Amino acid sequence: YALQAAVAALHAEEETDWRQIATLYGRLSELAPSPVVDLNRAVAVAMADGPERGLELVEPLAAQLGSYHLFHSARADLLRRLGRLDEAAESYRLALDLADEDVERSFLRRRLAQVGGAPEQPG
């Protein structure tokens, strides 16, 4: 819990220290291995070192997290940031299909529209 609290504290800072967050998630993964922790680490690494490095860490998690909407959402964001818009759209669609919350679905529809995958309207 101390590691999770430290991550939360870093997110509350005016400037997020993504390298430190990635390090903390790495330690958390050692103590309590989880593909979700690994996904969070990959996102932090992407913020610190760029989307290509983050995507390298995200891709191997597909087998374990293929039914988790946040995996597809994170992957889509990294692909979008790399300019791989068709692949990003596909991942946003998968995330949208798996998401249950209206707020998340609305966000995903907006992102999908931004990459040319669909209109913003619900559907």
Side-chain angles (χ1 to χ4, degrees):
Y1 293 114
L3 290 171
Q4 292 171 332
V7 168
L10 287 168
H11 278 295
E13 296 290 322
E14 189 170 320
E15 276 196 46
T16 304
D17 184 344
W18 290 107
R19 287 194 197 299
Q20 183 63 26
I21 290 173
T23 298
L24 290 170
Y25 274 124
R27 182 72 178 119
L28 185 58
S29 183
E30 292 170 6
L31 295 172
S34 159
V36 173
V37 170
D38 292 340
L39 178 63
N40 290 336
R41 179 178 173 272
V43 170
V45 167
M47 295 302 290
D49 298 332
E52 189 170 304
R53 179 67 183 120
L55 190 60
E56 290 172 3
L57 297 172
V58 165
E59 294 291 9
L61 301 172
Q64 295 170 299
L65 297 176
S67 62
Y68 184 48
H69 74 283
L70 294 177
F71 165 78
H72 294 288
S73 180
R75 184 175 181 274
D77 183 63
L78 297 172
L79 290 165
R80 179 188 59 82
R81 290 170 53 198
L82 288 167
R84 294 164 55 179
L85 301 185
D86 289 342
E87 293 170 274
E90 179 182 330
S91 287
Y92 281 129
R93 281 188 205 95
L94 289 168
L96 187 56
D97 287 345
L98 294 167
D100 293 327
E101 298 292 326
D102 288 339
V103 172
E104 290 176 329
R105 292 179 59 74
S106 178
F107 170 80
L108 292 166
R109 278 192 296 273
R110 281 194 309 275
R111 283 298 173 119
L112 187 54
Q114 289 173 353
V115 297
E120 284 193 40
Q121 67 217 25

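As the structure is a prediction and not an experimental result, all values here were calculated from the model.
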Report, one line per pair, each donor and acceptor closer than 3.5 Å where one atom sits in a side chain of residues 97-104; sequence neighbours left out.
residue, atom, partner, partner atom, Å
Glu104, OE1, His69, NE2, 3.0
Glu104, OE2, His69, NE2, 3.2

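Leu108 and Leu94 end up in different hydrophobic clusters when Ile, Leu, Val, Met, Phe, Trp and Tyr side chains are linked at under 4.5 Å. Connection of Val45 to Val43 is not established within any shared hydrophobic cluster, with ILVMFWY side chains joined at heavy-atom distances below 4.5 Å, either directly or through further cluster members. Hydrophobic clustering (ILVMFWY, side-chain heavy atoms < 4.5 Å, transitive): Tyr92 and Leu85 are in one cluster.
Annotation: salt bridge (Lys or Arg N to Asp or Glu O under 4.0 Å) contacts involving residues 54-78, sequence neighbours excluded, comprise Arg53-Glu56, Glu59-Arg75, Asp77-Arg80, Asp77-Arg81, Asp77-Arg111. Sorted by first and then second residue, the salt bridge (Lys or Arg N to Asp or Glu O under 4.0 Å) pairs with a member in residues 34-49 read Arg19-Asp49; sequence neighbours excluded. Applying the ring pair (Phe, Tyr, Trp, His ring centres under 6.0 Å) test to residues at least two apart or on different chains, the pairs with a partner in residues 16-40 are His11-Trp18. Residue pairs that meet the salt bridge (Lys or Arg N to Asp or Glu O under 4.0 Å) test with at least one member in residues 20-34, sequence neighbours left out, are Arg27-Glu30.
When all heavy atoms of Ala46 and Gly54 are compared, the closest pair comes out as CB-CA, 3.7 Å. Considering all non-hydrogen atoms of both residues, Ile21 and Ala44 come closest at CG2-CB, 3.7 Å.
Applying the salt bridge (charged side-chain N to carboxylate O under 4.0 Å, His left out) test to Glu90 and every residue at least two apart in sequence or in another chain returns nothing.
If you chain together ILVMFWY residues whose side-chain heavy atoms come under 4.5 Å of each other, Leu55 ends up grouped with Val36, Leu39, Val58, Leu61, Leu65, Tyr68, Leu70, Phe71, Leu78, Leu79, Leu82.
Atom CG in Leu96 sits 10.0 Å away from atom OG in Ser106 (nearest 0.5 Å).
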